[in-house]
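Shown next, in structure tokens, is the structure this report addresses.
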Amino acid sequence: MKVNLEIESKDISDEVIKTKNFAIMDIREFDFRLVYVEDLSGEGHKTRSTLFVSPEELRIIRKGELNTDFMYGKNMVHNTSYITPYGAFPVTLTTLSYSYELEGDLEDEEKGFAINVATTYTLQVGDDEPMKMSIKICISNAENVASM
């Protein structure tokens, strides 16, 4: 099913970046899978992004200009790599808070639905000091846009 995907992320300088995309969402047994293509640098390079969203965790996999496999969940510490054109960097994500809310009805096209996920976390690159960041995600059916 085609859905609206709104993502709001805040970095260590409190700069807020908002993006809106259309995504293809599959409803699976325990989570939702969303796939979309984005231009992360603004220079025309395409990155395929896949999100797995559930009440327990959020996983973001990016393949293309940047390559990541980030996971967030209650009391979760996730060690991974952040791969850029300049090299791979070891990253530790520590989830500080995670919330998930499903509003509406996935089956009722007239009523519509919205899935809201929010997480605050620290991101530590190598031995650098951890940086506090956050992400808010709103997924809604294409006919009824829910805003964050």
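The first residue of the sequence shown is numbered 1, and numbering continues consecutively from there.
Hydrophobic clustering (side-chain heavy atoms under 4.5 Å, transitive across Ile, Leu, Val, Met, Phe, Trp, Tyr) keeps Phe89 apart from Ile61. Linking ILVMFWY side-chain heavy atoms closer than 4.5 Å, directly or via other members, places Ile135 and Val91 in a single hydrophobic cluster. Following chains of ILVMFWY side-chain contacts shorter than 4.5 Å, one can reach Phe113 starting from Val117, so the two form part of one hydrophobic cluster.
Take Val16 and apply the side chain to side chain contact (heavy atoms under 4.5 Å, CB included) test, not counting sequence neighbours, and it matches Glu8, Lys10, Lys18. Looking at residues two or more places apart in sequence or on another chain, you find a side chain to side chain donor-acceptor pair (under 3.5 Å) between Asp26 and Arg33. Residues that satisfy the side chain to side chain donor-acceptor pair (under 3.5 Å) test with Asn21, not counting sequence neighbours, are absent from this structure. Remark: Ile83 engages Asn67, Ser81, Ala88 in a side chain to side chain contact (heavy atoms under 4.5 Å, CB included) (not counting sequence neighbours). Take Ile27 and apply the side chain to side chain contact (heavy atoms under 4.5 Å, CB included) test, not counting sequence neighbours, and it matches Met1, Met25, Phe32, Leu106. Legend: residues meeting ring pair (Phe, Tyr, Trp, His ring centres under 6.0 Å) with Tyr36, ordered by chain and number and at least two apart, are absent.
Residue pairs meeting the side-chain hydrogen bond (donor to acceptor under 3.5 Å, both in side chains) criterion with at least one partner in residues 84-100, sequence neighbours excluded, are Asn79-Thr92, Ser97-Thr120. The salt bridge (Lys or Arg N to Asp or Glu O under 4.0 Å) pairs that include a residue from residues 81-98 number zero, where partners must be two or more places apart or lie in different chains. For residues 47-69, no residue pair satisfies the ring pair (Phe, Tyr, Trp, His ring centres under 6.0 Å) rule, not counting sequence neighbours. The list of salt bridge (Lys or Arg N to Asp or Glu O under 4.0 Å) pairs with a residue in residues 75-88, not counting sequence neighbours, is empty. For residues 52-61, the side-chain hydrogen bond (donor to acceptor under 3.5 Å, both in side chains) pairs, not counting sequence neighbours, are Arg59-Asp69.
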For this session: Mind running side-chain contact (heavy atoms from CB on, under 4.5 Å) on Tyr121 and Met133 for me, showing each step along the way?
Result: CA-CA 5 Å; Tyr121 61 97; Met133 306 173 96; 3.6 Å; yes
Problem set entry | side-chain contact (heavy atoms from CB on, under 4.5 Å) assessment of Thr47 paired with Lys63 | CA-CA 6 Å; Thr47 298; Lys63 294 184 187 270; 5.8 Å; no
For this session: Please assess Ile137 against Leu5 for the test side-chain contact (heavy atoms from CB on, under 4.5 Å), listing each intermediate value before the final yes or no.
Result: CA-CA 7 Å; Ile137 297 174; Leu5 175 63; 3.6 Å; yes
Exercise. Phe22 and Asn4: side-chain contact (heavy atoms from CB on, under 4.5 Å), yes or no, with the steps?
Worked result: CA-CA 5 Å; Phe22 288 108; Asn4 294 302; 3.0 Å; yes
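Contact of the Thr122 side chain with the Leu93 side chain is not registered, since no non-hydrogen atoms from C-beta on lie closer than 4.5 Å. Taking 4.5 Å as the limit, some side-chain heavy atom of Leu66 sits within range of a side-chain heavy atom of Tyr82. In this structure, Met71 and Met76 have side chains that are in contact, with non-hydrogen atoms separated by less than 4.5 Å.
Here CD1 of Ile115 is found 5.5 Å from CG of Leu102. Values are rounded to the nearest 0.5 Å.
In this structure, Glu103 and Asn116 approach most closely via the heavy-atom pair OE2-ND2, 3.5 Å. Shown here for Ile12 and Met131, the closest heavy-atom pair between the two residues is CG2-CB, 2.8 Å. Across all non-hydrogen atoms, the minimal contact from Ala23 to Leu34 is CB-CD2, 4.1 Å. The two residues Lys111 and Gly104 have their closest heavy-atom pair at CE-CA, 4.2 Å.
Here Arg62 pairs with Glu38 in a salt bridge; the nearest charged N to carboxylate O distance falls below 4.0 Å.
With side-chain heavy atoms closer than 4.5 Å counting as contact, directly or through intermediates, Val77 stands alone and belongs to no larger hydrophobic cluster.
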